[in-house]
Enquirer: 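Below you will find the structure I want to go over with you.
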Amino acid sequence: MVQRIGVYPGTFDPITLGHLDIIRRGAKLVDKLIIGVTTNPSKDPMFTPDERMAMVSREVAEQGIDNVEVVGFNALLMKFARAQGASVIVRGLRAVADFEYEYQMAGMNQQLDAEIETVFLMADVSLQPIASKLVKEIALFGGEIADFVTPTIRDEVVARVEQRGRLGDY
């Protein structure tokens, strides 16, 4: 029997409750879900790739999801997916703006490898507004992020903000 492998790629800077929701649900669709932690040159990361991989690994383990592996990569997604033996790319959608971008990416990815399907999962309604970029921005300006990330991630983000320095007063 062939194992169905999925890849859920992202920067996870930091991993949010929305990401964990997609991981939990995506892991039910495949025999093995590989969370591909990558870098995005257009984003200013708060955490290093190794820190993000450790965060994701720890958070997934705490959720008790056992068919997940966390792998770092810095390559074209479809090359990475092929190297992992994946037949599915899992992507989360929050809003219409996400759909437009993801639709274009799925089309390009299909041109690169038609054997790998992209599956979109809608974020839970309560988690749809959450984005790592916004979590970081809120934290940088001294706002509370406890509703968007786990307590451990909250503490790590707050510590990093204190290390780097907060922005603005009001």
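As a basis for the values below, the full set of heavy atoms in this structure was taken, side chains included, without hydrogen atoms, waters or symmetry mates.
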Enquirer: Give a yes or no on whether the backbone of M46 and the side-chain of R160 come within a donor-acceptor separation of less than 3.5 Å.
Expert: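 Side chain of R160 to backbone of M46: a pair is present.
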Enquirer: So which heavy atom on N67 is nearest to which on A27, and how close?
Expert: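 That closest heavy-atom pairing would be ND2-O, 2.8 Å.
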Enquirer: For side-chain contact (heavy atoms from CB on, under 4.5 Å), just list the numbers for I89 and Y8, CA-CA rounded to whole Å, side-chain angles, deciding distance to a tenth of an Å, and then say yes or no.
Expert: CA-CA 6 Å; I89 303 292; Y8 177 37; over 6 Å; no
Enquirer: Out of curiosity, S126 OG to D21 CG, how far, rounded to the nearest 0.5 Å?
Expert: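 Separation between the atoms: 7.5 Å.
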Enquirer: Heavy atoms, side chains only, cut-off 4.5 Å: are N109 and D113 in contact?
Expert: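 No - every pair of side-chain heavy atoms lies 4.5 Å or more apart.
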Enquirer: Once rounded to the nearest 0.5 Å, what's the spacing between atom OG1 of T150 and atom CG of L20?
Expert: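 Nearest 0.5 Å value for the OG1-CG distance: 7.0 Å.
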Enquirer: Scan residues 48-87 for pairs that pass ring pair (Phe, Tyr, Trp, His ring centres under 6.0 Å), counting only residues two or more places apart or in two chains.
Expert: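 Qualifying pairs, neighbours excluded: F73-F80.
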Enquirer: Do the side chains of I22 and I116 join up, straight or via other hydrophobic residues, at under 4.5 Å, putting them in one cluster?
Expert: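 No; I116 is not reachable from I22 via cluster members.
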Enquirer: Can any side-chain N or O of R25 pair as donor or acceptor with the backbone N or O of M122 at less than 3.5 Å?
Expert: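 Flag set: sc R25 to bb M122 pair under 3.5 Å.
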Enquirer: Tell me the closest heavy-atom pair linking V7 and A86, and the distance in Å.
Expert: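 Closest pair (atom of V7, atom of A86, distance): CG2-CB, 3.6 Å.
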Enquirer: Kindly indicate whether the side chain of R166, heavy atoms from C-beta on, has any atom under 4.5 Å from the side chain of F141.
Expert: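 A side-chain contact under 4.5 Å is absent here.
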Enquirer: Indicate, with yes or no, if Y101 and F99 share a hydrophobic cluster defined by side-chain heavy-atom contacts under 4.5 Å among Ile, Leu, Val, Met, Phe, Trp and Tyr.
Expert: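 In one cluster: no.
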Enquirer: Evaluate side-chain contact (heavy atoms from CB on, under 4.5 Å) for F12 paired with M55, printing each intermediate quantity in order.
Expert: CA-CA 9 Å; F12 305 103; M55 287 175 166; over 6 Å; no
Enquirer: Hey, does L93 have a side-chain heavy atom less than 4.5 Å from the side chain of L121?
Expert: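 Not touching, per the 4.5 Å side-chain cut-off.
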Enquirer: What heavy-atom pair brings P49 and T39 nearest, and what distance separates the two atoms?
Expert: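 Nearest heavy atoms, P49 then T39: CG-CG2, 3.9 Å.
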Enquirer: Are the side chains of D155 and T152 in contact, using a 4.5 Å heavy-atom criterion?
Expert: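 No; the side chains remain at least 4.5 Å from each other.
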Enquirer: Calculate, to the nearest 0.5 Å, the distance between atoms CZ and CE belonging to F47 and M53 respectively.
Expert: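 Here the interatomic distance stands at 15.5 Å.
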Enquirer: With side-chain contact (heavy atoms from CB on, under 4.5 Å) as the criterion, how do T118 and Q110 come out once you've worked through the C-alpha distance, each side chain's angles and the decisive distance to 0.1 Å?
Expert: CA-CA 8 Å; T118 299; Q110 186 178 37; over 6 Å; no
Enquirer: Looking only at non-hydrogen atoms, find the nearest pair between P14 and S132 and report the distance.
Expert: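 Looks like O-OG, 2.7 Å.
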Enquirer: Applying a strict under-4.5 Å side-chain criterion to I, L, V, M, F, W and Y, I'd like to know whether V119 and V30 cluster together.
Expert: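 Yes, it is one cluster - the side chains of V119 and V30 are joined through contacts under 4.5 Å.
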Enquirer: I need the L112 CG to L77 CG distance, nearest 0.5 Å.
Expert: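 L112 atom CG to L77 atom CG measures 9.0 Å (nearest 0.5 Å).
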Enquirer: Quick one, L29 with V88, criterion side-chain contact (heavy atoms from CB on, under 4.5 Å). Give me CA distance, side-chain angles, the key distance, then yes/no.
Expert: CA-CA 10 Å; L29 302 177; V88 176; over 6 Å; no
Enquirer: Are V158 and L140 co-members of a hydrophobic cluster defined by side-chain heavy atoms under 4.5 Å apart?
Expert: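 No, no single cluster joins them.
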Enquirer: Spell out, as yes or no, whether a donor-acceptor pair under 3.5 Å connects the side chain of R94 to the backbone of I130.
Expert: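 Flag set: sc R94 to bb I130 pair under 3.5 Å.
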Enquirer: Could you note down all residue pairs passing salt bridge (charged side-chain N to carboxylate O under 4.0 Å, His left out) where residues 55-71 supplies at least one of them, sequence neighbours left out?
Expert: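 Found K32-E69, R58-E156.
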Enquirer: M108, V90: one ILVMFWY side-chain cluster at the under-4.5 Å cut-off?
Expert: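 Cluster IDs for M108 and V90 differ.
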Enquirer: Determine whether a donor-acceptor pair (N or O, by modelled atom type, separation under 3.5 Å) exists between the side chain of R52 and the backbone of T38.
Expert: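 Yes, the answer is positive, given that a donor and an acceptor are paired below the 3.5 Å cut-off.
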Enquirer: Does a side-chain heavy-atom distance below 4.5 Å link V68 with I35?
Expert: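 Of all side-chain heavy-atom pairs linking I35 with V68, at least one is under 4.5 Å.
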Enquirer: I want to check something: taking the side chain as every heavy atom from C-beta on, are T11 and V37 in contact at a cut-off of under 4.5 Å?
Expert: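 Answer no - side chains too far apart.
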Enquirer: Does any part of the side chain of L33, heavy atoms only, come nearer than 4.5 Å to the side chain of I23, both counted from C-beta?
Expert: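 Side chain of I23 against side chain of L33, heavy atoms only: contact under 4.5 Å found.
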Enquirer: Should we say atom CD of E115 is surrounded by more than 12 heavy atoms from elsewhere, each under 6.0 Å from it?
Expert: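 Check fails, neighbour count at 12 or below.
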Enquirer: Closest approach of A139 and V157, non-hydrogen atoms and distance?
Expert: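 Closest approach of A139 to V157, heavy atoms only: CB-CG1, 3.6 Å.
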Enquirer: Has D31 got a side-chain atom pairing as donor or acceptor with I5's backbone, closer than 3.5 angstrom?
Expert: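 Between the backbone of I5 and the side chain of D31 there is no qualifying donor-acceptor contact (under 3.5 Å).
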Enquirer: Please list all pairs meeting salt bridge (charged side-chain N to carboxylate O under 4.0 Å, His left out) that have one or both residues in residues 119-148, counting only residues at least two apart or in different chains.
Expert: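 Of all non-adjacent pairs touching residues 119-148, those that pass salt bridge (charged side-chain N to carboxylate O under 4.0 Å, His left out) are D13-K136, E144-R154.
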